[in-house]
Novice: 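What follows is a single structure, and I will ask about it in a moment.
Order of listing sets the numbers, starting from 1, for every ligand and every atom in it. These numbers were taken from a predicted model, which means no experiment stands behind them.
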Amino acid sequence: MSASFVAIANLKGGVGKSTTTLMLADGLAYHYGANVLVVDFDPQANSSQMMLTERGLQMAYEQGKGVVSLLDQFADGAPPNLADLILPNAVTLDELRKAEQKDQRRGWISILPSHPSLRFSEMEVEERLYGQGRRPSELASDLHRHFAAALEPVKSLYDIILIDTPPYLSPLARAGLMLAETYVTPTLADPVSIWGTKQFSDWMAGNIAADIATRNFIVVTRFKNTRYARDAEHELRTIYLKNRQFGPTIPESVQALQAMDRADLDSYNTMRGKYGNLRGDVRRLSESFAGFLATRMGITAPQLVRN
Ligand SMILES: Nc1ncnc2c1ncn2[C@@H]1O[C@H](COP(=O)(O)OP(=O)(O)O)[C@@H](O)[C@H]1O
Ligand SMILES: [Mg+2]
């Protein structure tokens with residue numbers, strides 16, 4: 001059984017893409033025993049930072065791990081090779097680590113991390129290839145081919161591959177979108193985010209996935225329960241994104257900030273300690289998404305059965 005590829009994507013920044021990536025990774029590993037690979041395609045490296053801390057992602061970079069090295073392989077014309085670039089441990093939940101120590105692994109998270117220098121590596125590749133007369137869409141396709149070939153030999157090791165993407169459509173970002181079979185789109189219930197979400201959806205339909213509506217899972221995040229936000233959410237469900245599957249609405253909570261903030265590379269937290277009163281939301285999000293994969297996509301990985 002090969003992993004299912006999921007991009008967490010929206011053209012709007014700050015809508016909770018990286019936070020949703022983190023919650024899905026934790027929720028699917030913790031509640032379903034899924035073996036998750038997180039691929040961070042955003043040079044902002046937020047999901048890498050949340051899982052590895054800043055020190056950890058710097059160490060990974062210095063050891064030649066991560067997406068930067070994958071892009072270097074591409075730039076050098078080297079054969080794609082991913083196995084050595086993945087960090088096999090991006091677990092922050094104590095329960096998962098303890099089970100592993102007792103040889104009773106019940107869900108795990110690995111990561112292909114990003115690093116801020118990805119921005120510059122990407123610009124260098126772009127400059128060189130555009131100088132040779134290549135076009136952005138060709139570069140996106142070439143990158144997609146390289147990444148798909150790199151993932152091919154390792155994808156059977158994972159149940160699910162979560163690709164966190166940046167809020168724009170650079171060739172690297174497009175390659176990430178092209179890898180995915182399903183799209184998780186976090187959005188806020190406000191007009192500016194709805195606008196960004198709609199643009200994303202229209203662009204995807206025209207360029208990458210004509211059937212995006214059936215493969216799109218929407219998560220309204222940072223929800224403040226006001227009349228205004230309720231109306232905006234209602235419009236999203238009934239007008240702009242009708243026929244999409246909606247996951248649970250995630251409330252605005254300082255717990256989300258705490259969950260993002262790993263103290264150090266060797267510090268772990270329980271599900272309760274990390275997510276507090278958001279842990280029910282993490283569970284509902286993973287349940288709802290596993291249900292979406294099963295019913296809409298026909299993906300019923302045996303590993304995605306609830307623990
Ligand atoms: N449910 C939430 N409640 C409060 N703050 C949140 C919540 N989800 C995300 N945030 C915060 O909102 C900001 C943007 O979230 P992030 O996941 O980084 O978005 P993106 O990846 O789309 O740019 C971050 O500071 C994050 O901590
Ligand atoms: Mg992000």
Novice: Show the atoms of ligand 1 that are less than 4.0 angstrom away from any heavy atom in Glu252.
Specialist: 3 (N)
Novice: Which of the numbered atoms in ligand 1 are under 4.0 angstrom from any heavy atom belonging to Gly16?
Specialist: 15 (O), 16 (P), 17 (O), 19 (O), 20 (P), 22 (O)
Novice: Taking all heavy atoms of Ala173 and all of Tyr168, pick out the closest pair and write down the distance.
Specialist: CB-O, 3.2 Å
Novice: Any salt bridge between Arg128 and Glu124, counting N to O under 4.0 Å?
Specialist: no
Novice: Can you hop from Met178 to Leu172 via hydrophobic side chains spaced under 4.5 Å?
Specialist: no
Novice: Of all the non-hydrogen atoms in the protein, which one sits nearest to atom 23 (O) of ligand 1, and at what distance?
Specialist: Gly14 N, 2.8 Å
Novice: Determine, using heavy atoms of Thr221 and all atoms of ligand 1, whether some pair is separated by less than 4.0 Å.
Specialist: no
Novice: For atom 10 (N) of ligand 1, which of the options Arg222, Met23, Gln258, Gln255 provides the nearest non-hydrogen atom?
Specialist: Arg222
Novice: Which option, Met260, Lys17, Lys224, owns the non-hydrogen atom nearest atom 20 (P) of ligand 1?
Specialist: Lys17
Novice: Are the aromatic rings of Phe41 and Phe147 close, with centres under 6.0 Å apart?
Specialist: yes
Novice: Does the shortest distance from the Mg ion (ligand 2) to an N/O/S atom of Asn46 fall below 2.8 Å?
Specialist: no
Novice: Is the shortest distance from a heavy atom of Pro251 to ligand 1 less than 4.0 Å?
Specialist: yes
Novice: Can a cation-pi geometry be assigned to Arg106 and Tyr32, taking NZ or CZ under 6.0 Å from the six-membered ring centre and within 45° of the ring axis?
Specialist: no
Novice: Short question: side chain of Asp42, backbone of Ser114 - any donor-acceptor pair under 3.5 Å?
Specialist: no
Novice: Considering only protein heavy atoms, which is closest to atom 17 (O) of ligand 1, and at what distance to one decimal place?
Specialist: Thr19 OG1, 2.6 Å
Novice: To the nearest 0.1 Å, how far is atom 3 (N) of ligand 1 from its closest protein heavy atom, and which atom is that?
Specialist: Ser253 N, 2.8 Å
Novice: How are the rings of Phe289 and Phe217 set to each other: parallel, tilted or perpendicular (split at 30° and 60°)?
Specialist: perpendicular
Novice: Write out the residue and atom name of the closest protein heavy atom to atom 21 (O) of ligand 1, then the distance separating them to 0.1 Å.
Specialist: Ser18 N, 2.9 Å
Novice: Relative to the heavy atoms of Val15, which atoms of ligand 1 are at a distance of less than 4.0 Å?
Specialist: 19 (O), 20 (P), 22 (O)
Novice: Looking only at atom types and distance, does a side-chain atom of Lys224 sit under 3.5 Å from a main-chain N or O of Ala189, one as donor and one as acceptor?
Specialist: no
Novice: Any idea which protein heavy atom is nearest atom 25 (O) of ligand 1, and the distance to it?
Specialist: Leu257 CD2, 4.2 Å
Novice: Keeping the roles fixed (side chain from Gln258, backbone from Gly273), state whether a donor-acceptor pair exists under 3.5 Å.
Specialist: yes
